[in-house]
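Naming: A, B, ... by sequence-line order, numbering from 1 per chain.
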There are 2 protein chains.
Amino acid sequence: MLGNLNSDRSNVDSLNRDRRSRRREATKAEILDAAWALVREHGLAGLSLRDLAARVGMRAPSLYQYFPSKHAIYDAMFGQGARQALAEVGAPVGTTDAREALLLVAHRMFDFVTSNPERALLLFQRTIPGFEPSPESYAPAVELLDWSRLQLVERGLTDPDALDLWTALLSGLSNQQMANDPGGTRWARLVDRAVGMYLAEVGPPSAGSRKGKR
Amino acid sequence: MLGNLNSDRSNVDSLNRDRRSRRREATKAEILDAAWALVREHGLAGLSLRDLAARVGMRAPSLYQYFPSKHAIYDAMFGQGARQALAEVGAPVGTTDAREALLLVAHRMFDFVTSNPERALLLFQRTIPGFEPSPESYAPAVELLDWSRLQLVERGLTDPDALDLWTALLSGLSNQQMANDPGGTRWARLVDRAVGMYLAEVGPPSAGSRKGKR
DNA sequence: GTCTATATTTGGATAGAC
DNA sequence: GTCTATCCAAATATAGAC
């Protein structure tokens, strides 16, 4: 009897813990969503805990039940952004043709950056004063870079400088788009041409996956 | 007699006005120098009027004798930076060979950006909340872009997209250098190669100024 | 778990004495 | 022309009531 009672109690407690834990995670997610919205409106540096709390129907101090500091919020946002980048850009590429594969990846990356400039700023530039992402949050970003390197190598682009040239080209196109023609297509139109230019430089003279196959 | 007296007085007044005006300009220049130093240390957004005043041996309110607001200081810095860019990057190019000319300009631009990242951030990105440069401060930046276009056209690169691709390539290289290897040479080493790649794409098939001459 | 109240800091900007 | 004193606003963060 006592055993049963204790066991029942334990079960209930355990379920309650689960439920509360889930609720807590849901609230954290809601806070992060609101943070992204505010950051898009007022810029990365313009994020304030007052505004953030107000947007989720709280007062500022209550946020500290979910994140120990403002930097922790930035860190969680960085982690989210890095995982999104890995998921969206680093998704499987169903082609072995080098040109098609690079075009696909280039457009994914370009779209990822320009569709959310503040996210790209948080991930790829150092703009917030004292903020350094934690290793956990940073990990997916490293993974994406490794994945990109692998993509190039798999297409026969084994030149060690090829990846650096590739990232420079892509970041240049997307940054110019964001800074000088936000919402437009002035540099978006040049992505295909840039990939062709790149392939002519680092790729096998006659494009495609021929080099690796024959 | 009275006429002479008045004339003498006018001369003295005029000279004093000149001297004071020059002194005032010198102080403004000193303030801007200090502002650049602080911005290099603490970042663009980290500039505070208290710190700035302290560095030139003043208290914060005294700065308002020289600049009507903090934004006015940013604007003056923007103007300085833009004029420096025009002077350093847009200096005469003593060659008609397309490859050599583009290499020269590319290295000038790369060096300009990486030698003072905060300046480049102020000029080429929109990172300070409410700040928009005044038309006067902005003018040299426009002039530099026009100059760059002219350089390309003079070398036979009349493709209207050529300039956009050029700025994307250069900004990408220098941004990657700043963000991922500050002070290093990881992307600096790739400038020559990038220019070659670019010329192969937009230039006349066989480089040089041949196309324009024969 | 959320709140009020508050500590603390820091910023830009102004008034008025000297 | 520079100062002291101050205003005002906004920010992060903490203490403690409920």
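- Among C/dG11, D/dT12, C/dT14, the nucleotide with an atom closest to any side-chain atom of A/Lys70 is D/dT12.
- Ion pairing of B/Arg193 with A/Glu201 is present here, as a side-chain N (NZ or NE/NH1/NH2) and a carboxylate O approach within less than 4.0 Å.
- We find that CG of B/Leu49 is positioned 4 Å from P of C/dG12, with the value rounded to whole Å.
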| request: Any chance you could lay out the side chain to side chain contact (heavy atoms under 4.5 Å, CB included) test for B/Arg19 and B/Leu15, step after step, and finish with the verdict? | output: CA-CA 6 Å; B/Arg19 197 180 57 82; B/Leu15 287 174; over 6 Å; no

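- When each of C/dT2, C/dT4, D/dA13 is scored by its nearest atom to the side-chain atoms of A/Tyr66, the top-ranked nucleotide is C/dT2.
- Here the side chain of A/Arg108 pairs a donor or acceptor atom with the backbone of A/Val89 at under 3.5 angstrom.
- Closest to the side chain of B/Tyr64, from the set C/dG11, D/dT12, C/dT14, is C/dT14.
- When each of C/dA5, D/dC3, C/dT2 is scored by its nearest atom to the side-chain atoms of A/Gln65, the top-ranked nucleotide is C/dT2.
- Among the heavy atoms of the strands, none lies under 4.0 Å from A/Phe67.
- B/Gly57 comes within contact range of the sugar-phosphate backbone alone, with a heavy-atom separation under 4.0 Å but no base atom that close.
- Residue B/Ser48 places its side chain closer to C/dG12 than to any other of C/dA15, C/dG12, C/dA5.
- A donor-acceptor contact under 3.5 Å is not formed by the side chain of A/Arg50 with the base of D/dA10.
- No side-chain N or O of A/Glu118 forms a donor-acceptor pair with one of A/Trp36 less than 3.5 Å apart.
- Checking side-chain atoms of B/Asp181 against main-chain N and O of B/Arg186 turns up a donor-acceptor pair under 3.5 Å.
- Between the P atom of C/dT10 and the CG atom of B/Asp51 lies a distance of 10 Å, rounded to the nearest Å.
- A close approach under 4.0 Å does occur between a side-chain nitrogen or oxygen of A/Ser62 and OP1 or OP2 of C/dC3.
- Across the protein-nucleic acid pair, B/Glu30 atom CD and D/dG1 atom P stand 14 Å apart, rounded to whole Å.
- Relative to the side chain of B/Arg59, the nucleotides C/dT4, D/dT4, C/dG11 differ in distance, and D/dT4 lies closest.
- At a threshold of 4.0 angstrom between heavy atoms, the contacts of B/Leu47 are confined to the sugar-phosphate backbone, with no base atom among them.
- Taking only side-chain atoms of A/Met58, from C-beta outward, the nucleotide of C/dC3, D/dG1, D/dT14 with the closest atom is C/dC3.
- The distance from atom CZ of B/Arg24 to atom P of D/dG1 is 7 Å, rounded to the nearest whole Å.
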